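Down below is the structure, laid out as structure tokens.
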Amino acid sequence: MFYSESKHLPDNLAQIEAHWQACQKGTFDSPIGPLFYACHVPEHAQFAVILVNGRIESAHKYQELIWEFSRNQVAVFTYDHPGQGLSGRFLDNLHIGYIERFAQYGDCLDAFINQVVLPQWHGQSVILAHSMGGAITCDYLTRYSSPVVGTFLSAPMFAINTAPYPAWLAQGIATTACALGLGQGYAVGQADYLPKAFADNELTQCEVRYSLFRQLYQQYPGLQLGGVSFRWLQQALQFTQSMARQRIDLPVSIASAQHDSIVCPAAHVHFAANNTSCQLHHYPGKHELLCEVDPIRRAVLNQFYTFAHQLIKQGPATASSVSDYVAGDTASDTGS
């Protein structure tokens, strides 16, 4: 199995960019407007990943992972959520994160699978979702019939860290603001896109990947997204309140970040306790586990490959199932 490593990223950027340019890109019609998508199917693809990204993210941000999957003969289908990335924005201030109803995200995922994935891929597929994408995926799986055989969730947004306010107070403020006609304005403490210094970031411990993420958004300002609106916050908090009670009929595997300050890892434990087919693994990382330092990122991806291979019956798993992170050899990327 090929694993990309941060120390080789500067040498591999040209290959990653060339692969991204070779990916199929376009738009599809969602219930709330056209959305951007990208996909790539290797010649000998074993299975497909439906990559559902998180808030403020975009397909562009996952170029390293898409390239890496290609080298491992995994097809990838991904898209930009409504209101972010290269998909249409809703408000005059393009930086404000907004959605009228949280369920619209799941409706768009269903449209993406039916319009883009199924016409091009007839093999087995799994969902890989990060953060807000995890909440969207669970909503989608409880409301729609899905062709996927399982879902892998990286730091899923099952409960939002609303500090310094308790969640009940944050929801009360957001609900009141919406009732007063302020739903399209920034929630308390939110602002336009502002790139934090690496030392102050809450996303990753990997300086190389964090720097590349910020450079990408500087190079393509259209990808930038700021904080959330009162309406987004009210809808997201209302939805995540139900997460602990949700039941997913498919196998689920969760990678939870122990140093997460964006979402609440305790909610992952509650969800796993209510879903008997759910695996839960913990890692000493920050929120963006797929952009973490190499030992953590590789362990998370190893968890994903093990889970996926077990589901698609492609042979024995690549690693034993463990509940906590164990550091291992990462000498897998030759830089070529």
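Only this structure's heavy atoms are used, side chains among them; waters, hydrogens and symmetry mates stay out. Being a predicted model, the structure only gives us computed values, none of them experimental.
- In this structure the side chain of Gln258 never reaches within 4.5 angstrom of the side chain of Pro265, judged on heavy atoms.
- One N or O on the side chain of Thr240 and one on the backbone of Ala236 form a donor-acceptor pair closer than 3.5 Å.
- With contacts defined as side-chain heavy-atom distances shorter than 4.5 Å, the pair His95/Tyr186 qualifies.
- In this structure His40 satisfies the ring pair (Phe, Tyr, Trp, His ring centres under 6.0 Å) test together with His19, sequence neighbours excluded.
- Side-chain atoms of Asp80 and Asn53, non-hydrogen and from C-beta on, do get closer than 4.5 Å to each other.
- Residues Gln84 and Ile56 form no side-chain contact, since every pair of their non-hydrogen atoms from C-beta on lies 4.5 Å or further apart.
- Here the closest heavy-atom approach between residue Leu9 and residue Ser4 is recorded as CD2-OG, 3.9 Å.
- Both cation-pi conditions hold for Arg298 and Tyr3: the charged atom is under 6.0 angstrom from the six-membered ring centre and inside a 45 degree cone around its axis.
- Remark: of the listed residues Ile136, Ile32, Ile113, Ile32 is the sole one forming a side-chain contact (heavy atoms from CB on, under 4.5 Å) with Cys108.
- Taking the six-membered ring where tryptophan is involved, the planes of Tyr217 and Phe213 are perpendicular, since the angle between them exceeds 60° and thus also 30°.
- Taking the six-membered ring wherever Trp is involved, the centroid distance between the rings of Trp67 and Phe2 falls below 6.0 Å.
- Here side-chain hydrogen bond (donor to acceptor under 3.5 Å, both in side chains) pairs that include residues 173-184, with residues two or more places apart or in two chains, number zero.
- For the pair Ser211 (side chain) and Val208 (backbone), a donor-acceptor distance under 3.5 Å is absent.
- No side-chain heavy atom of Thr78 sits less than 4.5 Å from a side-chain heavy atom of Ile50.
- The side-chain contact (heavy atoms from CB on, under 4.5 Å) with Pro251 is formed by just one residue from the set Leu311, Val148, Val126, Thr151; it is Leu311.
- Within 6.0 Å of CD in Glu207 there are 12 or fewer heavy atoms belonging to other residues, nucleotides or ligands.
- The side-chain contact (heavy atoms from CB on, under 4.5 Å) search around Ala174 returns Phe230, Leu233, Gln234, not counting sequence neighbours.
- A pairwise comparison of heavy atoms in Ile248 and Ser277 identifies O-OG, 4.0 Å as the closest pair.
- Take Gln241 and apply the side-chain contact (heavy atoms from CB on, under 4.5 Å) test, not counting sequence neighbours, and it matches Gln171.
- A single hydrophobic cluster is not seen to contain both Val228 and Trp168; linkage of ILVMFWY side chains at heavy-atom distances under 4.5 Å, directly or through other members, places them apart.
- At a threshold of 4.0 Å, the pair Lys7-Asp294 does not count as salt-bridged, since none of the basic side-chain nitrogens sits closer than that to a carboxylate oxygen.
- Evaluation of the ring pair (Phe, Tyr, Trp, His ring centres under 6.0 Å) test over residues 128-163, restricted to residues two or more places apart or in two chains, returns His130-His287, Tyr140-Tyr144, Phe152-Phe304, Phe158-His268, Phe158-Phe271.
- The environment of CD in Gln24 is crowded: more than 12 heavy-atom neighbours from other residues, nucleotides or ligands sit within 6.0 Å.
- With sequence neighbours excluded, the residues that form a side-chain contact (heavy atoms from CB on, under 4.5 Å) with Ser261 are Asn161, Glu202.
- Contact check for Leu128 versus Val52: no side-chain heavy atoms found under the 4.5 Å cut-off.
- Taking the six-membered ring where the residue is Trp, the centroids of His60 and Tyr62 are separated by 6.0 Å or more.
- At a threshold of 4.0 Å, the pair Glu288-Lys61 counts as salt-bridged, since one of the basic side-chain nitrogens sits closer than that to a carboxylate oxygen.
- A salt bridge does not link Arg209 with Glu292: every distance from a Lys NZ or Arg NE/NH1/NH2 to an Asp or Glu carboxylate oxygen is 4.0 Å or more.
- Looking at Leu225 and Arg55, their side chains come closer than 4.5 Å, going by heavy atoms from C-beta outward.
- Scanning all heavy atoms of the two residues, the minimum distance from Asn114 to Leu118 falls at OD1-CD1, 3.6 Å.
- Closest approach of Phe198 to Thr204, counting heavy atoms only: CE1-O, 3.7 Å.
- Under the 4.5 Å side-chain criterion, counting only non-hydrogen atoms from C-beta, Leu280 is in contact with His282.
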> Between Leu212 and Leu216, is a side-chain contact (heavy atoms from CB on, under 4.5 Å) present by the stated rule, with each step listed?
Replying inline: CA-CA 6 Å; Leu212 288 173; Leu216 177 69; over 6 Å; no
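- For the residue pair Tyr305 and Gln303, no side-chain donor N or O sits within less than 3.5 Å of a side-chain acceptor on the partner.
- In this pair, Tyr37 and Phe112 present their aromatic rings tilted. The plane angle is within the 30 to 60° band.
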